[in-house]
J.: 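If you scroll down you'll find the structure; I have some questions about it.
Here is the naming used below: chain letters follow the sequence lines, and residue numbers restart at 1 for every chain.
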Amino acid sequence: MRIRVQATIEKAFREAVAEGVFPEISIPASHQVVCPRQEAFGDFASNLALVLASKARRSPRELAACLAERLDDDPLFNRVEVAGPGFLNLSIAPIWWQKNLYTMWEAGDSYGDSDVGKGRRVQVEFVSANPTGPLHVGHGRGAAVGDSLARLLKAAGFDVEKEYYINDVGNQMKTLGSSVYLRYLEHFGHKVDFPREYYQGDYIKDIASDIASREGDKYVDVPLDLCLTLFIDAAVRYISHSIHRDLQDFGVYFDSWFSEKVLHDTGFLVKTISELQARGYIYEQDGALWFRSSELGDEKDRVVRRSNGIFTYFAADIAYHRHKLERGYDLLVDIWGADHHGYVPRVKAAIKAQGYPEDRLRVLLVQLVNLMEGGRPAAMTTRGGEFVTLREVLDDVGRDAARFMFLTRRCDSHLDFDLDLVKSQTQENPVYYVQYAHARLSSVFRKARDKGISLADPGHIDVSLLNTPEEIRLLKQLDLFPCLVAESAIALEPYRISYYLTELAGQLHVYYNRHRFVSDDPDLTQARLFLADVTKRVLHKGLGLLGVSAPDSL
RNA sequence: GCCCCCGUAGCUCAGGGGAUAGAGCACAGGAUUCCUAAUCCUGGUGCCGCAGGUUCGAAUCCUGCCGGGGGCACCA
């Protein structure tokens, strides 16, 4: 509707120019049609007169008055006013909102979908937690954001793939294997000195006793360097399995799992680095290989191969991103923890060095979750041993509440996740507010069916009966949905959906308390059930974009 | 020291050039013969961190400062 209003205003302006009423000036990009904060200002407000005033050398109010006169006759509007410094405030005639319901209904389950993505291929890479421990709450936030974003992009007409990058190479793997080995020795009664920098969590002991029960004590007398690989493999297998299970229970699925090890084993990493070297982006100094990232926007050059001959994690990342680029995506989205922000310029440098525009990659930094327990921050490091896992949160509050919670904030703001609050007051959680709205509407239809009433063919429904302020407000909110989905997708901001849904649910609750859907008036009942049907569908669709269920009863 | 994010109501946060800055929570009171009271209604709060600048207009953009968080390895 907003787009239609904007087009109508701009058409009126061009006509006025053609008739010589206004001097010949083009409409600036700063022309905006917005929904004003206050209802008294109408449904839409245009700043066209304000942004034209200086060029037209006329007062904004005078320009606005001229435009208002022309728009007044348009049947789309029932009120056009000049207000404040020169705003054009416009009220849509109710019939347009009401008739809109047919369009929404016809769109069915695809209402909200659009083709702004034009089928462009997008890859969203997220979670990508190292297989050295269970997923914690912070990973949960990344998982919720990434998965919801993928759903949004899909609805907006992008061709989306989700990928998980597994860092299964490097020192951390040695540390992991060694940690398990020591716990294995402990299992058989050996006294060991367990270093502080090793993985402290109890899951290490679980893996060790798992190996012990399967293989017995045959590795007790084998030196670590001879059996390290075995311990690493067992640990990675065990942990990966638990990560898969956690994500599955969280409702998050990936199209592909990409192993860093593959980049090393296939020689792709070496090939990538040597090609960069041939093109002058890599040089040798102090026995190490350096990437000239400082010439590509990073603050300094970065080591890709240490003087001991081992490639850095960053080298693998260069190769990984090249691999992604060569797979032909139009856009790469990486979702990282905000503690990796210093990494953005060097990865962008790697993108540029390989001849791609840097905006081919967009990095979403998800701020860490401040986990609160008993009014105190709770520790959350994998090595510290004391951390709250995603599993624990899932068991405590459930998938829906957890996902919604993670998506109620912009991802670059810190999120306080108060375990006590979430555990003890689950009914205060906003997710139930939205789900309840959906359940209430389901209940309305159950009740109607009990009375032998079913929704008639829309062609026989008189939508003009939907004329209370609450109904018009609902119709307006429903109208916003497709635009919101498209804009949130392009901005990569899934949290906007949760705000919208809370607002829509609120309007439904207000309406529900003031009016009855099912009444003695058959025509009115039909019209209201029609509204209920579309509202229910938008709630369902919106919750689906967040990966949250829409129950028929609570 | 340098870089990134944040600073808005008692708390958690929306709003990110536009008119009188909003919501939830918390607090107090009220609403159900009738579609689910996990709901609704009523009640009041703000130097929008500070100081400059940009302009018709700044919570919003720019600069500096203050405060909080995070990051600055030949670690991963």
J.: Any idea which of B/C74, B/A76, B/U39 is nearest the A/Ser307 side chain?
T.: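 Per side-chain heavy atoms of A/Ser307, the pick is B/C74.
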J.: Provide the distance between the two P atoms, one in B/U54 and one in B/C62, to the nearest whole Å.
T.: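 About 15 Å, rounded to a whole number of Å.
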J.: Taking atom P in both B/A26 and B/A38, what distance in whole Å separates the two?
T.: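 One P to the other, the span is 15 Å.
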J.: Are OP1 or OP2 of B/C25 and a side-chain N or O of A/Tyr433 less than 4.0 angstrom apart?
T.: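 No, A/Tyr433 has no side-chain N/O under 4.0 Å of OP1/OP2 on B/C25.
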J.: What distance, rounded to whole Å, do you find between the two P atoms, one in B/G68 and one in B/A76?
T.: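 About 33 Å, rounded to a whole number of Å.
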J.: From the list B/C74, B/A14, B/C35, which nucleotide is the closest neighbour of the side chain of A/Val303?
T.: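 When the side chain of A/Val303 is considered, B/C74 is the closest of B/C74, B/A14, B/C35.
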J.: Nearest of B/A76, B/A38, B/C35 to any side-chain atom of A/Tyr432?
T.: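 For the A/Tyr432 side chain, the nearest candidate turns out to be B/A38.
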J.: What residues form a ring-ring contact (aromatic ring centres under 6.0 Å, His included) with A/Phe44, not counting sequence neighbours?
T.: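 Per chain and number, A/Phe44 pairs via ring-ring contact (aromatic ring centres under 6.0 Å, His included) with no residue.
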J.: Measuring only the P atom in each nucleotide, how far is B/C61 from B/A14? A whole number of Å is fine.
T.: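 Approximately 14 Å lies between the P atom of B/C61 and that of B/A14.
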J.: Would you indicate what A/Ser553 reaches in the nucleic acid, counting non-hydrogen atoms under 4.0 angstrom: base, sugar-phosphate, or nothing?
T.: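 Counting heavy atoms under 4.0 Å across all strands, the contact made by A/Ser553 includes a base.
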J.: Report which part of the nucleic acid A/His438 touches: base, sugar-phosphate, or nothing (heavy-atom distance under 4.0 Å, all strands).
T.: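 No contact at all - A/His438 keeps every heavy atom at 4.0 Å or more from the nucleic acid.
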J.: Tell me whether the centres of the aromatic rings in A/Phe13 and A/His31 are closer together than 6.0 Å.
T.: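 Not under 6.0 Å, so no.
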J.: Can you work out whether A/Val34 or A/Val444 has the more 5'-proximal nearest nucleotide on RNA chain B?
T.: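 This one resolves to A/Val34.
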J.: If you check every side-chain atom of A/Ala45, which of B/A19, B/G15, B/A37 has the closest atom?
T.: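 Of the candidates, B/A19 comes closest.
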J.: Can you list the residues that meet the ring-ring contact (aromatic ring centres under 6.0 Å, His included) rule with A/Phe481, with sequence neighbours excluded?
T.: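 Partners of A/Phe481 by the ring-ring contact (aromatic ring centres under 6.0 Å, His included) criterion, ordered by chain and then number, come out as A/Tyr500.
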J.: Between B/A76, B/A19, B/C35, spot the one nearest the side chain of A/Arg516, thanks.
T.: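 The answer is B/C35.
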J.: With C1' as the reference atom in both, quote the distance from B/U8 to B/C34 in angstrom, rounded to an integer.
T.: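 Rounded to whole Å, the distance is 43 Å.
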J.: Aromatic contact between A/Phe126 and A/Tyr164, with the criterion being ring centroids under 6.0 Å apart: yes or no?
T.: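 Ring-ring flag for A/Phe126/A/Tyr164: false, centres at least 6.0 Å apart.
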J.: Using distance only, find each side-chain donor-acceptor pair of residues 398-410 of chain A under 3.5 Å and give its atom names and separation, not counting sequence neighbours.
T.:
residue, atom, partner, partner atom, Å
A/Arg399, NE, A/Asp249, O, 3.1
A/Asp400, OD1, A/Ser549, N, 3.1
A/Asp400, OD2, A/Gln435, NE2, 2.9
A/Asp400, OD2, A/Ser549, OG, 2.5
A/Arg403, NE, A/Leu546, O, 3.2
A/Arg403, NH1, A/Asp147, OD2, 3.4
A/Arg403, NH1, A/Phe250, O, 2.8
A/Arg403, NH1, A/Gly251, O, 3.3
A/Arg403, NH2, A/Asp147, OD2, 2.5
A/Thr408, OG1, A/Met405, O, 2.9
A/Arg410, NE, A/Asp412, OD1, 3.2
A/Arg410, NH2, A/Asp412, OD1, 3.3
A/Arg410, NH2, A/Asp412, OD2, 3.3

J.: Tell me which nucleotide among B/C3, B/A19, B/C75 gets nearest to the side chain of A/His341.
T.: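 Side chain of A/His341 sits closest to B/C3.
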J.: From B/G18, B/A19, B/C13, pick the nucleotide closest to the side chain of A/Arg409?
T.: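 It is B/C13.
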J.: Of the nucleotides B/C35, B/A76, B/A19, which one has an atom closest to the side chain of A/Asn130?
T.: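 Given the options B/C35, B/A76, B/A19, the side chain of A/Asn130 is closest to B/A76.
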J.: Could you measure the distance from the CG atom of A/Leu478 to the CG atom of A/Leu474? Nearest 0.5 Å is fine.
T.: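 So the gap between those two atoms works out to 6.0 Å.
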J.: How many Å lie between CG on A/Asp339 and C1' on B/C3, as a whole number?
T.: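 Between C1' of B/C3 and CG of A/Asp339: 14 Å.
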J.: Expressed in angstrom and rounded to an integer, what is the separation of A/Arg346 atom CZ from B/A76 atom C1'?
T.: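 Going from CZ in A/Arg346 over to C1' in B/A76 covers 12 Å.
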J.: So what's the dot-bracket for RNA chain B: Watson-Crick or G-U pairs under 3.5 Å, [ ] if a pair crosses, | if it pairs off-strand?
T.: (((((((..((((....[...)))).(((((.......))))).....(((((..]....))))))))))))....
J.: A/Arg537: what forms a salt bridge (charged side-chain N to carboxylate O under 4.0 Å, His left out) with it, not counting sequence neighbours?
T.: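 Residues passing salt bridge (charged side-chain N to carboxylate O under 4.0 Å, His left out) with A/Arg537: A/Asp533.
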J.: Assess the side chains of A/Asn167 and A/Glu260: does a donor N or O sit below 3.5 Å from an acceptor N or O?
T.: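 The criterion, which ignores hydrogens and geometry beyond distance, is satisfied for A/Glu260 and A/Asn167.
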J.: Just one of A/Lys324, A/His340, A/Arg362 clears the side-chain hydrogen bond (donor to acceptor under 3.5 Å, both in side chains) bar with A/Asp334, so which one?
T.: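 Between A/Asp334 and the candidates, side-chain hydrogen bond (donor to acceptor under 3.5 Å, both in side chains) is satisfied uniquely by A/Lys324.
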J.: Separation of A/Phe404 atom CZ from B/U12 atom C1', in whole Å?
T.: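 Distance, rounded to whole Å: 14 Å.
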J.: Think A/Arg514 has a side-chain N or O under 4.0 angstrom from the OP1 or OP2 of B/U39?
T.: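 Checking A/Arg514 against B/U39: no side-chain N or O falls below 4.0 Å of OP1 or OP2.
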J.: Check whether any side-chain nitrogen or oxygen of A/Lys300 sits under 4.0 Å from OP1 or OP2 of B/A73, and answer yes or no.
T.: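 Yes.
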J.: Hey, is the side chain of A/Arg306 poking within less than 4.0 Å of OP1 or OP2 on B/A76, counting only N and O atoms?
T.: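 Yes, within the criterion.
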J.: When rounded to the nearest Å, what value does the distance between P atoms of B/G53 and B/G67 take?
T.: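 So the two P atoms sit 24 Å from each other.
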J.: Using the side-chain heavy atoms of A/Asp286, tell me which of these nucleotides is nearest: B/G18, B/A14, B/C74.
T.: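 Nearest nucleotide to the side chain: B/C74.
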J.: Can you see which heavy atom on A/Ile351 is nearest to which on A/Glu358, and at what distance?
T.: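 The answer is CG2-CA, 4.2 Å.
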J.: Roughly, in whole Å, what's the span from CZ in A/Arg410 to P in B/G16?
T.: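 Computing the A/Arg410:CZ to B/G16:P distance gives 9 Å.
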J.: For the atom pair CD1 (A/Ile239) and CD1 (A/Ile166), what is the distance rounded to the nearest 0.5 Å?
T.: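 Reported value, rounded in 0.5 Å steps: 12.5 Å.
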J.: With the threshold set at under 4.0 Å for non-hydrogen atoms, list the residues of residues 499-511 of chain A touching RNA chain B in residue-number order.
T.: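 Listed by number, they are A/Tyr499, A/His509, A/Val510.
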J.: How many whole angstroms separate atom CG of A/Asp317 from atom C1' of B/C75?
T.: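 My rounded result for the distance is 14 Å.
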J.: Find the distance A/Asn513:CG to B/A37:P and express it as a whole number of Å.
T.: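 In whole Å, B/A37 P lies 7 Å from A/Asn513 CG.
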J.: Determine if A/Phe41 stacks with B/A19; use a centre-to-centre distance below 5.5 Å and an interplanar angle below 30° as the criteria.
T.: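 A stacking contact exists, since A/Phe41 sits close and nearly parallel to the base ring of B/A19.
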J.: What is the distance from NE2 of A/His31 to P of B/G17, rounded to the nearest Å?
T.: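 These atoms are roughly 17 Å apart.
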J.: Does A/Leu50 reach a base, just sugar-phosphate, or nothing at all? Heavy atoms under 4.0 Å.
T.: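 Here A/Leu50 touches the bases of the nucleic acid.
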J.: Does NZ or CZ of A/Arg322 fall inside the cone over A/Tyr320's six-membered ring, less than 6.0 Å from its centre and within 45° of the axis?
T.: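 No, A/Arg322 and A/Tyr320 do not form such a contact.
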J.: On a whole-Å scale, what distance lies between the P atoms belonging to B/A58 and B/U45?
T.: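 Rounded to whole Å, the distance is 25 Å.
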J.: When the C1' atoms of B/G17 and B/C11 are compared, how many Å lie between them, rounded to an integer?
T.: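 Each nucleotide's C1' atom is 29 Å from the other's.
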J.: Between P on B/G18 and CD on A/Glu81, what's the gap in Å once rounded to a whole number?
T.: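 From A/Glu81 CD to B/G18 P: 21 Å.
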J.: Is the base of B/C74 touched by the side chain of A/Thr312 through a donor-acceptor pair closer than 3.5 angstrom?
T.: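 Not at all, since no donor on one side and acceptor on the other fall under 3.5 Å apart.
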J.: Over 60° means perpendicular and under 30° means parallel, so classify the ring planes of A/Phe231 and A/Tyr181, tilted if in between.
T.: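 Ring orientation, 0 to 90° scale: perpendicular.
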J.: Reading RNA chain B from 5' onward, which residue's closest nucleotide shows up sooner: A/Glu299 or A/Arg446?
T.: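 Final value for this comparison: A/Arg446.
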